[in-house]
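A short worksheet on the structure shown next.
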Amino acid sequence: MTISIYGDTGSGSFRRVLTAARHMGISFEHVPVDLLKGESQTPEFRALNPTGMVPVLVDGDIVISEASAINIYLAEKIDSPLLPKGAARYETLKWMFWGAEHWRVFSAYLFNERIGKRVKGIAEDPTMVAFILESTRTNAAVLNQHLADKKFIVGNEVTLADFDVAAPFSQMARTKLPYDEFPHIMAWHQRLVDEVPAWKETKELLDQRMDTAFAAFGITF
Ligand SMILES: N[C@@H](CCC(=O)N[C@@H](CS)C(=O)NCC(=O)O)C(=O)O
């Protein structure tokens with residue numbers, strides 16, 4: 001049975017899954033969903049994921065949305081060290097949950113303020129942007145301290161937590177997230193780019209897709 005993964009290569013959430021699947025050598029069919037054409041909002045797609053968001057995985061009768069859940073499913077399927085055993089497993093899960101609740105959410109809001117609104121010709125809201133940047137810096141200080149003596153989020157080996165927490169770097173050139181104020185975060189992300197070929201490849205795909213798509217709106221970054 002072929003695994004199908006629905007997504008748009010311009011999506012940072014799809015990139016988390018694409019990276020993990022490629023890194024684990026799992027074969028799958030990519031079903032393209034063009035977010036700019038609203039293809040995630042059709043009744044057919046919403047039957048798969050009522051939130052109207054990518055990525056979605058279909059493996060026979062199993063349908064999973066939410067990139068972290070998909071990645072856990074894939075890692076368990078092949079018993080991958082991306083989801084380690086014992087205490088490291090819970091450290092991995094802890095950072096995945098932290099990434100969702102305290103980290104990516106602000107990057108998603110900033111994307112909406114600085115890119116989503118620009119596409120619609122709406123000015124960004126300075127109060128909202130100030131709140132997002134303050135929250136980002138508060139949480140970045142925690143991550144920066146955590147990474148001061150670590151190669152990757154959980155230790156010496158890459159785990160799913162790295163892909164989840166690194167995801168906002170996908171749009172950093174466009175959103176201007178202030179991560180460059182945090183040297184240990186920047187050094188960790190560079191290690192990920194240098195040592196995980198799939199992370200680098202999927203960034204190239206994402207940038208290509210974003211640049212082409214936004215050029216159509218007359219937006220360059
Ligand atoms: N919490 C979800 C977030 C997924 C998400 O935000 N997907 C965005 C693209 S990055 C999306 O599909 N948006 C739908 C749209 O723009 O219509 C996950 O981790 O998978």
Side-chain angles (χ1 to χ4, degrees), residues 7-17 33-41 45-46 49-55 65-69 94-148 153 161-190 192-193 202-203 206-221:
D8 185 317
T9 51
S11 151
S13 300
F14 176 63
R15 181 182 177 209
R16 285 151 59 204
V17 171
V33 178
D34 189 329
L35 296 183
L36 290 167
K37 289 188 182 148
E39 287 178 3
S40 67
Q41 306 303 328
F45 187 85
R46 280 182 170 271
N49 183 8
T51 69
M53 289 190 184
V54 297
S65 55
E66 293 295 322
S68 303
K94 179 187 88 177
W95 282 103
M96 290 172 80
F97 296 142
W98 181 88
E101 193 155 355
H102 302 290
W103 191 241
R104 286 192 312 277
V105 62
F106 297 110
S107 125
Y109 288 155
L110 196 59
F111 186 89
N112 186 49
E113 288 298 321
R114 295 199 159 153
I115 292 139
K117 285 188 171 178
R118 200 166 152 197
V119 169
K120 294 179 194 150
I122 304 170
E124 65 183 49
D125 174 347
T127 309
M128 184 68 178
V129 169
F131 166 72
I132 293 166
L133 293 179
E134 188 191 343
S135 306
T136 298
R137 287 190 171 101
T138 302
N139 293 314
V142 173
L143 181 62
N144 195 56
Q145 184 60 39
H146 174 75
L147 287 167
I153 299 270
D162 291 285
F163 303 150
D164 269 14
V165 176
F169 274 86
S170 305
Q171 307 290 0
M172 184 181 161
R174 290 165 276 270
T175 55
K176 313 284 186 247
L177 280 158
Y179 296 160
D180 49 6
E181 296 169 14
F182 300 89
H184 300 307
I185 294 180
M186 295 304 285
W188 153 74
H189 184 256
Q190 193 55 50
L192 208 55
V193 171
T202 54
K203 177 67 164 50
L206 184 143
D207 284 340
Q208 220 169 48
R209 164 77 176 134
M210 292 300 282
D211 291 347
T212 315
F214 285 105
F217 291 96
I219 296 175
T220 49
F221 297 100

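One is the number of the first residue; the rest follow in order along the sequence. Bear in mind that the values here come from a model prediction, so they are computed numbers and not experimental data.
- Under a 4.0 Å N-O distance rule, the pair Asp34/Arg209 qualifies as a salt bridge.
- Here the closest non-hydrogen pair linking Asn144 and His184 is OD1-N, 2.9 Å.
- Between Tyr109 and Trp103, the ring center distance fails the sub-6.0 Å criterion.
- Using a 30° and 60° split on the angle between ring planes, Trp98 and His102 fall in the tilted class, from 30° to 60°.
- Remark: Glu124 engages Arg114 in a salt bridge (Lys or Arg N to Asp or Glu O under 4.0 Å) (not counting sequence neighbours).
- Looking only at distances, no side-chain donor or acceptor of His189 sits under 3.5 Å from a matching main-chain atom of Phe169.
- The neighbour count for Gln145 CD, taken as heavy atoms of other residues, nucleotides or ligands under 6.0 Å away, does not exceed 12.
- Counting non-hydrogen atoms of other residues, nucleotides and ligands closer than 6.0 Å to NZ of Lys176 gives a total above 12.
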Going through the checks in order, is the side-chain hydrogen bond (donor to acceptor under 3.5 Å, both in side chains) test met by Ser68 and Arg16?
CA-CA 8 Å; Ser68 303; Arg16 285 151 59 204; 3.0 Å; yes

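- Between Thr136 and Pro178 the shortest heavy-atom distance is CG2-CD, 4.0 Å.
- Taking the side-chain hydrogen bond (donor to acceptor under 3.5 Å, both in side chains) definition, one finds that Asp207 meets it with Arg174, Lys203, sequence neighbours left out.
- No side-chain N or O of Asp162 forms a donor-acceptor pair with one of Trp95 less than 3.5 Å apart.
- Ring orientation note: the planes of Phe214 and Phe111 are nearly perpendicular, at an angle over 60° on the 30°/60° scale.
- With rounding to the nearest 0.5 angstrom, the CZ atom of Phe163 is 10.0 Å from the CE atom of Met96.
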